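Values below: every heavy atom of this structure, side chains too, minus hydrogens, waters and symmetry copies. Here is the naming used below: chain letters follow the sequence lines, and residue numbers restart at 1 for every chain. All values reported here derive from a predicted model rather than from experimental measurement.
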Amino acid sequence: MSKFKEKVFEIVRRVPEGKVVSYGQVALMAGIPRAAIQVGWVLHISDESDKLPWWRVINNAGRISTTCLEHTAQNQKEKLEKEGVKVTKNLKIDIEKYRFRPNPKFLQNLSLEDEYIFKLMEKYGI
DNA sequence: GCTATGACAAGGA
DNA sequence: CTCCTTGCCATAG
């Protein structure tokens, strides 16, 4: 398994209940700032959907964007609402309200370079 | 190593 | 706000 996948798993696995992250945010925390679409790919091919809270990952526009037949958008909506995250009928979410902002220690465990930590602070106010 | 493929992002219309 | 286009980059073939 590639480093990239491992990082994505590590990060998504630690997103707490009732919180969400964007694909781009996960990509940045994985050390590859513009690989947001690959994050979606990792979640898509993952067969560990029971261990991985994939439904807490949405796009930066605050929208559910899965097209996966086994993990539908409606399915994701239900899981999120069960955790207290409000999702409109148009599958939109107030992402800034629920966004997961990891503490410095979390980022240290990922051995993330300062450059990326700075970008996270700049973009998401971590 | 090259091309096609996306559960994306950002900016323009 | 909603589409559309362009840029991105890890994988699959």
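- When the C1' atom of dC8(B) is taken as reference, atom CG of L28(A) falls 14 Å away, rounded to whole Å.
- For the pair Y23(A) OH and dA10(B) P, the computed distance is 14 Å after rounding to whole Å.
- Of the N and O atoms on the side chains of E83(A) and W55(A), at least one donor lies less than 3.5 Å from an acceptor on the other residue.
- The salt bridge (Lys or Arg N to Asp or Glu O under 4.0 Å) test applied to K77(A) returns E81(A), not counting sequence neighbours.
- Between S22(A) and V57(A), every side-chain heavy-atom pair lies at or beyond the 4.5 Å cut-off.
- The closest side-chain heavy-atom distance from K7(A) to S111(A) is below 4.5 Å.
- Between E17(A) and K79(A) there is no salt bridge, since none of the side-chain N atoms of the basic residue sits less than 4.0 Å from a carboxylate O of the acidic one.
- In this structure, N60(A) reaches the dA10(B) phosphate: one of its side-chain N or O atoms is under 4.0 Å from OP1 or OP2.
- If you take CG of L43(A) and P of dC8(B), they are 10 Å apart, rounded to a whole angstrom.
- A search for ring-ring contact (aromatic ring centres under 6.0 Å, His included) contacts involving F118(A) returns nothing, not counting sequence neighbours.
- Distance, N75(A) CG to dA7(B) C1': 13 Å, rounded to whole Å.
- For L120(A) and dA9(B), the CG to C1' distance is 15 Å, given to the nearest whole Å.
- Contact check for L120(A) versus M29(A): side-chain heavy atoms found under the 4.5 Å cut-off.
- Contact check on R14(A) versus E10(A) returns a salt bridge, with a Lys/Arg side-chain nitrogen under 4.0 Å from an Asp/Glu carboxylate oxygen.
- Pairs passing the ring-ring contact (aromatic ring centres under 6.0 Å, His included) check and including a residue from residues 73-100 of chain A, sequence neighbours excluded, read F100(A)-F106(A).
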Output a table of nitrogen or oxygen pairs between the protein and nucleotides 1-5 of chain B separated by less than 3.5 Å.
none

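- I93(A) has its side chain out of reach of R63(A): every pair of non-hydrogen atoms, C-beta onward, lies at least 4.5 Å apart.
- Among the nucleotides dC8(B), dA10(B), dT2(C), the one closest to any side-chain atom of K92(A) is dT2(C).
- Between dA7(B), dA10(B), dA9(B), one nucleotide has an atom nearer to the side chain of K123(A) than all others, and that is dA10(B).
- To the nearest angstrom, C1' of dC1(C) lies 14 Å from CG of N59(A).
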All N/O pairs under 3.5 Å across the protein-nucleotides 11-13 of chain C interface:
unit_1	atom_1	unit_2	atom_2	d
dT11(C)	OP1	S2(A)	OG	2.3

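- Checked against dA7(B), dT2(C), dA10(B), the side chain of R63(A) finds its nearest nucleotide in dT2(C).
- Linking Ile, Leu, Val, Met, Phe, Trp and Tyr whenever their side-chain heavy atoms come within less than 4.5 Å leaves I37(A) and V12(A) in two separate clusters.
- What you find for L28(A) and L112(A) is that their closest heavy atoms are O-CD1, 3.9 Å.
- The separation between L80(A) atom CG and dA7(B) atom P is 18 Å, rounded to whole Å.
- A heavy atom closer than 4.0 Å to some atom of DNA chain B occurs in A36(A), I37(A), these being the qualifying members of residues 29-37 of chain A.
- A straight line from CD1 of I95(A) to C1' of dA10(B) spans 14 Å, rounded to a whole angstrom.
- For Q38(A), the side-chain atoms get nearest to dG6(B) when compared with the rest of dA10(B), dG6(B), dC8(B).
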